[in-house]
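Worksheet: one structure, shown below.
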Amino acid sequence: MLQTAFIRENRDKVIQALGKRNFDATPLVDEVIALDEKRRHTQVELDTILSESNKLSKDIGELMKAGEKAKATLLKERTGQFKEKSKELSEILATTTEALTQVLYKLPNTPADIVPVGKTPEENVEIHREGDIPTLFEGALPHWDLIKKYDIIDFELGVKISGPGFPVYKGKGAKLQRALIAYFLDKNTDAGYNEYQVPHLVNEASGYGTGQLPDKEGQMYHDAADDLYLIPTSEVPVTNIFRDVILAENELPVMATAYTPCFRREAGSWGASVRGLNRLHQFDKVEIVRIEHPDNSYAALDGMVEHVKNLLQELKLPYRILRLCGGDMGFTSALTYDFEVFSTAQDRWLEISSVSNFETFQANRLKLRFRDKEGKNHLAHTLNGSSLALPRVLAGILENYQTPEGIVIPEVLRPYTGFDIIN
RNA sequence: AGAGGGGUGGCCGAGUGGUCUAAGGCGCACGCCUGGAAAGCGUGUAUACUCCAAAAGGGUAUCGAGGGUUCGAAUCCCUUCCCCUCUGCCA
């Protein structure tokens, strides 16, 4: 959520920045400014009345104590007018504040200066490409055929137990999943990220904290009986650890990593391009989260990009990095880099990681602050990224590492799998 | 799930309608003292919104959360969440 004071003081700048999202924010921004004006005005009025009313009550208290009941009764008669007026004003204040919040929820984050202009994914800017695209042998298969051939992932079984999009991993497939999770977590903790195990169901406040609510309500599974949401990413529980927290400046940066399954309803987003592992309702992901000093957050973002690059280099997968254009960025992000692995058998790029700086957008909702040396509080910057999302990495490995003899396991994973080929 | 007890500042803890502007302690910061430190003494120590061009300094709200009673609520009433103890169930 953008900061009201910032919008008030930088109206044109905000509108211009949001224009990069191909979004005319003028009406919403002006609504924010008008509501904020009304809120402040109402608050001044209300505070004045409450102040006078408090004084009067104190006087009554002193008179009662002194035994001057008649005088006290006289003063009591004057309180009626305050009461009515203050009730009226506090109702106006409450509805105005609520209306303001609702408008603020509709405003996405302002893109950073270097975010390219553009509307569609085609206008994302490729900033890096690395790794050799292998030449596959005659008869090479896409991963949805490979998993059947080697009997390592069973979609039909998942349909039986749950429904489409809930695969069952079997045998070496299951072991490979576990290996990837362990490998990613080890790499992350080696890089200084602190490992967490977090709840997979979160409350409404957490959903609002990281911005999934109210923007993406329909994307999350919701347990009505207990009013809990299944997490769409571990970003939600991990970042919410720091909701309503004031950190000391020397506690920054906070670096966290967690493995969780992720649950996404993906309502209405199924089609021909989402076969196999390309899109699922439940998938595994290892996430990295950072809380940074505003001065350092973009350097931290670069560090996270380097870290993810390193994972893909070690896995020897051909990949590229895109700087997302304004039209393709997520609601809460100020700058996002997407990592894509080339799926040779599908002849297309698959997104496997998204690394973003949210600046103060999440921190403002989370009330996540840090105290500087002068004792003043400021909103921190939050960042996160996948390192990595498993299904498409798996798809990339299966397709790019296939040989007529079977699927070769990348070397760095062998200590974790205990086998070097799936056949 | 049932019965009982309880949620107060960074922490412990007092407070059952009116100097609560929340006692006292611990912690922390600064100062005095000291050769240096400890002890001791003194001062300060929340968050949000807001007024003032800014600073200084004010105002309002916040004692788990929300609502109510009252001129006035940490304190009384209602709703709700959470924690503890016992019982039950259970990996």
Side-chain angles (χ1 to χ4, degrees), chain A residues 1-10 32-104 197 199-209 213 222-229 237 240-252 254 261 360 362-380:
Chain A
M1 186 158 72
L2 296 173
Q3 294 167 263
T4 311
F6 184 82
I7 294 174
R8 189 168 68 215
E9 286 154 25
N10 301 277
V32 166
I33 291 169
L35 284 168
D36 178 52
E37 175 74 34
K38 187 179 177 188
R39 177 188 63 86
R40 276 153 60 217
H41 181 259
T42 308
Q43 181 160 0
V44 170
E45 236 184 304
L46 175 63
D47 285 359
T48 309
I49 283 170
L50 286 177
S51 175
E52 284 173 34
S53 165
N54 284 346
K55 258 179 231 149
L56 208 53
S57 292
K58 203 164 274 181
D59 290 346
I60 292 169
E62 271 162 33
L63 288 172
M64 296 290 275
K65 202 155 207 180
E68 306 202 52
K69 270 201 170 160
K71 280 188 182 171
T73 312
L74 216 62
L75 282 187
K76 270 194 202 180
E77 282 164 16
R78 287 175 49 195
T79 57
Q81 45 169 335
F82 289 132
K83 226 183 169 184
E84 211 168 297
K85 190 71 184 164
S86 74
K87 193 173 181 184
E88 189 188 313
L89 284 170
S90 55
E91 271 166 22
I92 294 173
L93 184 64
T95 52
T96 308
T97 306
E98 175 59 22
L100 177 60
T101 305
Q102 289 307 320
V103 180
L104 285 169
Q197 281 203 14
H200 299 169
L201 283 86
V202 294
N203 58 28
E204 195 179 51
S206 294
Y208 275 97
L213 293 174
H222 180 233
D223 164 35
D226 292 300
D227 197 19
L228 294 169
Y229 294 86
N240 272 280
I241 291 170
F242 302 95
R243 172 154 46 87
D244 288 316
V245 167
I246 302 174
L247 296 161
E249 191 169 355
N250 63 16
E251 290 177 274
L252 298 175
V254 172
T360 59
Q362 289 183 328
N364 191 29
R365 286 199 194 180
L366 291 161
K367 297 192 182 70
L368 164 53
R369 291 152 291 174
F370 70 93
R371 199 188 312 277
D372 70 17
K373 289 175 190 85
E374 282 79 46
K376 282 192 175 169
N377 296 331
H378 308 273
L379 292 174

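Numbers restart at 1 for each chain; the letters A, B, ... are given by sequence-line order, proteins then strands. All heavy atoms count here, side chains included; hydrogens, waters and symmetry mates do not.
Across all strands shown, C71(B) forms a Watson-Crick or G-U wobble pair with G18(B), both key distances being under 3.5 Å. Base-pair partner of U85(B): A3(B) (Watson-Crick or G-U wobble, both distances under 3.5 Å). Across all strands shown, G9(B) forms no Watson-Crick or G-U wobble pair with both distances under 3.5 Å. Across every strand in view, A65(B) sits in a pair with U79(B) that passes the Watson-Crick or G-U test at under 3.5 angstrom. Of the nucleotides present, U45(B) is the one that pairs with G27(B) by Watson-Crick or G-U wobble criteria, both distances under 3.5 Å. Judged by Watson-Crick or G-U wobble contacts below 3.5 Å, the nucleotide C32(B) has G40(B) as its partner.
Looking at every heavy atom in both residues, Ala205(A) comes nearest to Asn240(A) through O-OD1, 4.2 Å.
Backbone-only engagement by Leu50(A) is indicated by non-hydrogen atom pairs under 4.0 Å involving sugar-phosphate atoms exclusively. Residue Leu75(A) is classed as having no contact, given no heavy-atom separation below 4.0 Å to the nucleic acid.
Distance noted for atom P between C26(B) and G40(B): 8 Å (whole Å). A23(B) and C11(B) have their P atoms separated by 16 Å, with the value rounded to a whole Å. One C1' atom belongs to C63(B), the other to U21(B), and the distance between them is 15 Å to the nearest Å. For the C1' atoms, the distance linking G27(B) with G10(B) amounts to 8 Å, nearest Å. Comparing the C1' positions of C41(B) and U8(B) gives an interatomic distance of 30 Å, to the nearest angstrom. Spacing of C1' atoms, G4(B) relative to A91(B), comes out at 28 Å, to the nearest Å. Comparing the same atom, C1', in G66(B) and in C71(B) gives a spacing of 24 Å after rounding to whole Å. Atom C1' of U75(B) sits at a distance of 16 Å from the matching atom of G64(B), rounded to the whole Å.
Rounding to the nearest 0.5 Å places CG of Leu100(A) at 11.0 Å from OG1 of Thr95(A). Rounding to the nearest 0.5 angstrom, the gap separating the CG atom in Leu247(A) from the NE2 atom in His378(A) is 13.0 Å. Going from atom CG of Asn10(A) over to atom CG of Leu2(A) covers 10.5 Å, rounded to the nearest 0.5 Å. For the atom pair OG1 of Thr97(A) and NZ of Lys38(A), the computed distance is 10.0 Å after rounding to the nearest 0.5 Å.
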Which donor-acceptor pairs under 3.5 Å do side chains of residues 79-89 of chain A form with protein atoms, sequence neighbours excluded?
{"residue": "Thr79(A)", "atom": "OG1", "partner": "Lys76(A)", "partner atom": "O", "Å": "2.5"}
{"residue": "Gln81(A)", "atom": "NE2", "partner": "Arg78(A)", "partner atom": "O", "Å": "3.3"}
{"residue": "Ser86(A)", "atom": "OG", "partner": "Phe82(A)", "partner atom": "O", "Å": "3.2"}
{"residue": "Ser86(A)", "atom": "OG", "partner": "Lys83(A)", "partner atom": "O", "Å": "3.1"}

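Arg371(A) and Glu249(A) are not joined by a salt bridge, as no carboxylate oxygen comes within less than 4.0 angstrom of a charged side-chain nitrogen.
Scanning residues 363-379 of chain A for heavy-atom distances under 4.0 Å to RNA chain B yields Arg369(A), Arg371(A), Asn377(A). Contact check of residues 76-97 of chain A against RNA chain B (heavy atom, cut-off under 4.0 Å) returns Lys76(A), Thr79(A), Lys83(A).
Residues passing the side chain to side chain contact (heavy atoms under 4.5 Å, CB included) test with Glu98(A), sequence neighbours excluded: Gln102(A). By the side chain to side chain contact (heavy atoms under 4.5 Å, CB included) test, Val202(A) pairs with Ser206(A), Tyr229(A), Ile231(A), Val236(A), Pro237(A), sequence neighbours left out.
Side-chain contact between Val254(A) and Phe242(A) is present, with heavy atoms from C-beta onward closer than 4.5 Å. The closest side-chain heavy-atom distance from Ile33(A) to Asp36(A) is not below 4.5 Å.
The span of RNA chain B lying next to chain A, judged by atoms under 4.0 Å from heavy atoms, is bounded 5' to 3' by G18(B) to G72(B).
Along RNA chain B, the nucleotide nearest to Leu56(A) and the one nearest to Gly61(A) differ in position, and the one closer to the 5' end is contacted by Gly61(A).
With Asp372(A) contributing its side chain and Lys376(A) its backbone, the two residues share a donor-acceptor pair below 3.5 Å.
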